[in-house]
Amino acid sequence: MKITVLAGGVGGSRFLLGVRSAYPDADITAIVNVGDDMWHVGVRIAPDLDTIMYTLAGQNNTSRGWGRVGESERVAGELRAYGVGWPWFTLGDLDLGTHLARTHYLRSGLPLSQVVPLLTSRWDLGVTLLPSTDSEVETHVRVEGGSMHFQEWWTRHRASLPALAFDFVGVSSAVPAPGVVAALAEADVVLLAPSNPVVSIGAILAIPGLADAVRATSAPVVGVSPIIAGAVVRGMADACLTAIGVSTSADAVALHYGARSAEGVLDGWLVDTADDAAVAPVASAGITARAVPLWLSDDATRAQVARDAVELALAL
Ligand code: FO1
């Protein structure tokens, strides 16, 4: 079975652990957000690709939620001493190895979609990672008085500055990365991970041609709510949803993605049992919803959520 997953960073990586665990023989492809990426102190940072790679490789720092396990910060200390880079944005020593390797390949002329397998092949991830696009499309956040890269809004301000809008800078000239449209067209099941609907899933769907490819696939498309009982499971999705006028609820996010029968992308939607009241309004929008436990707390629950999503898809 071919499963294609649209995913951002932390929520996406935990969900992918579940998909891999539940379907070890499946051909799993993750289409990963690149909107958080940026050039920083001379290297290319790709947070969502790296978080997913480290997590599937078992190398992720589970307490911090990003970066490498067993990390050290000697180089970061030197950068701070020189006043180079952002003091609020820590680049670990091991993590820098990834950024330097990626930058080396990019500078040699390879597109990101060819760089990713050169990094992930070091481990047996069991999942093929594809960037949504090879173009440098970066998410910038408009706040009172100016605009900043998403990374500054998140890591420096913890999303505390009210976001007026999100801009996917350069998106109009971007195209899906090689393999992305095929991964959607040839899938048996397409899943939207419980990632940030605005700056992760939204940034992926904003790539010209990508949402159309989701709408065109013969595979059923099922999303997993990143909101449980009116609260984000992690990260800053509530601040992002508010900025685009979508309320922080399991049904509002489904309606935001829209039913595929109404120019949206969803056929099915998983909500937590705490949100079973969302099933009816989502169904009336043309999306088949199911209420199941959604907390991705351990291997068993992650695998169960993945099974619930695939089984809903196959039942559609
Ligand atoms: N997140 C933080 O909250 N503080 C950091 O200093 C930080 C550094 C960092 C370095 C590399 C990287 O790939 C990710 C990093 N992150 C950091 C996490 C990052 O902001 C998030 O993973 C996503 O961009 C938002 O989901």
Side-chain angles (χ1 to χ4, degrees), residues 6-17 30 32-57 59-80 84-103 106 112 115-116 119-120 129 131-132 136-141 148-161 163 166 168-169 193-204 226-227 232-241 243 296:
L6 275 61
V10 178
S13 54
R14 290 202 173 108
F15 181 65
L16 283 164
L17 281 175
V32 183
N33 173 44
V34 297
D36 297 3
D37 299 8
M38 66 176 177
W39 286 103
H40 186 66
V41 301
V43 292
R44 187 70 180 165
I45 314 287
D48 285 351
L49 281 162
D50 289 353
T51 297
I52 292 176
M53 176 172 71
Y54 292 157
T55 302
L56 292 174
Q59 300 294 322
N60 60 309
N61 183 317
T62 49
S63 54
R64 273 196 323 193
W66 50 271
R68 290 283 294 270
V69 66
E71 187 58 281
S72 54
E73 298 176 9
R74 297 189 70 192
V75 175
E78 288 300 288
L79 290 173
R80 265 193 286 277
V84 170
W86 290 343
W88 63 82
F89 189 79
T90 305
L91 289 174
D93 299 323
L94 300 179
D95 197 31
L96 268 168
T98 303
H99 306 316
L100 286 166
R102 175 167 42 242
T103 302
L106 290 171
L112 182 59
V115 174
V116 168
L119 303 179
T120 59
L129 304 191
S132 58
E136 292 182 7
V137 181
E138 299 181 3
T139 302
H140 286 213
V141 187
M148 65 184 75
H149 191 285
F150 168 80
Q151 279 305 334
E152 181 171 2
W153 183 67
W154 172 235
T155 61
R156 183 179 194 182
H157 300 289
R158 310 310 297 174
S160 63
L161 303 179
F166 294 93
F168 303 126
V169 177
S195 298
N196 186 307
V198 182
V199 296
S200 294
I201 303 297
I204 294 171
I227 307 295
V232 292
V233 176
R234 67 185 65 75
M236 74 321 280
D238 45 353
C240 300
L241 287 164
L296 300 172

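Order of appearance sets the numbers: ligands from 1, and atoms from 1 within every ligand.
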For H140, which residues count as a ring-ring contact (aromatic ring centres under 6.0 Å, His included) partner, sequence neighbours excluded?
-> H149

Given side chains that start at C-beta, do those of Y54 and N61 come closer than 4.5 Å, heavy atoms only?
-> no

Give the atoms of ligand 1, by number and element, whose distance to some non-hydrogen atom of W154 is under 4.0 Å.
-> 20 (O), 25 (C)

Looking at residues at least two apart in the chain, or sitting in another chain, which of them share a side-chain hydrogen bond (donor to acceptor under 3.5 Å, both in side chains) with N196?
-> none

If you measure every N/O of T90 against every N/O of ligand 1, is any gap under 3.5 Å?
-> yes

Distance from atom 11 (C) of ligand 1 to nearest protein heavy atom, with residue and atom | D95 OD2, 3.3 Å

The closest protein heavy-atom partner of atom 13 (O) of ligand 1 is P47 CA, 3.3 Å

Atoms of ligand 1, numbered as shown, that sit under 4.0 Å from any heavy atom of W88 = 6 (O)

For V115, which of T103, L49, L106 qualifies under side-chain contact (heavy atoms from CB on, under 4.5 Å)?
-> L106

Near Q151 (heavy-atom distance under 4.0 Å), the atoms of ligand 1 are 19 (C), 20 (O), 23 (C), 24 (O)

Atom 15 (C) of ligand 1: closest protein heavy atom, distance to 0.1 Å, is W66 CE3, 3.6 Å

For atom 3 (O) of ligand 1, closest protein heavy-atom neighbour = R158 NH1, 2.7 Å

Enumerate the atoms of ligand 1 whose separation from the nearest heavy atom of F150 is less than 4.0 angstrom.
-> 25 (C)

Taking only non-hydrogen atoms of D36 and a 4.0 Å limit, the atoms of ligand 1 in range are 23 (C), 24 (O), 25 (C), 26 (O)

Could R156 and W154 be counted as a cation-pi pair, given that NZ or CZ must be under 6.0 Å from the ring centre and within 45° of the axis?
-> no

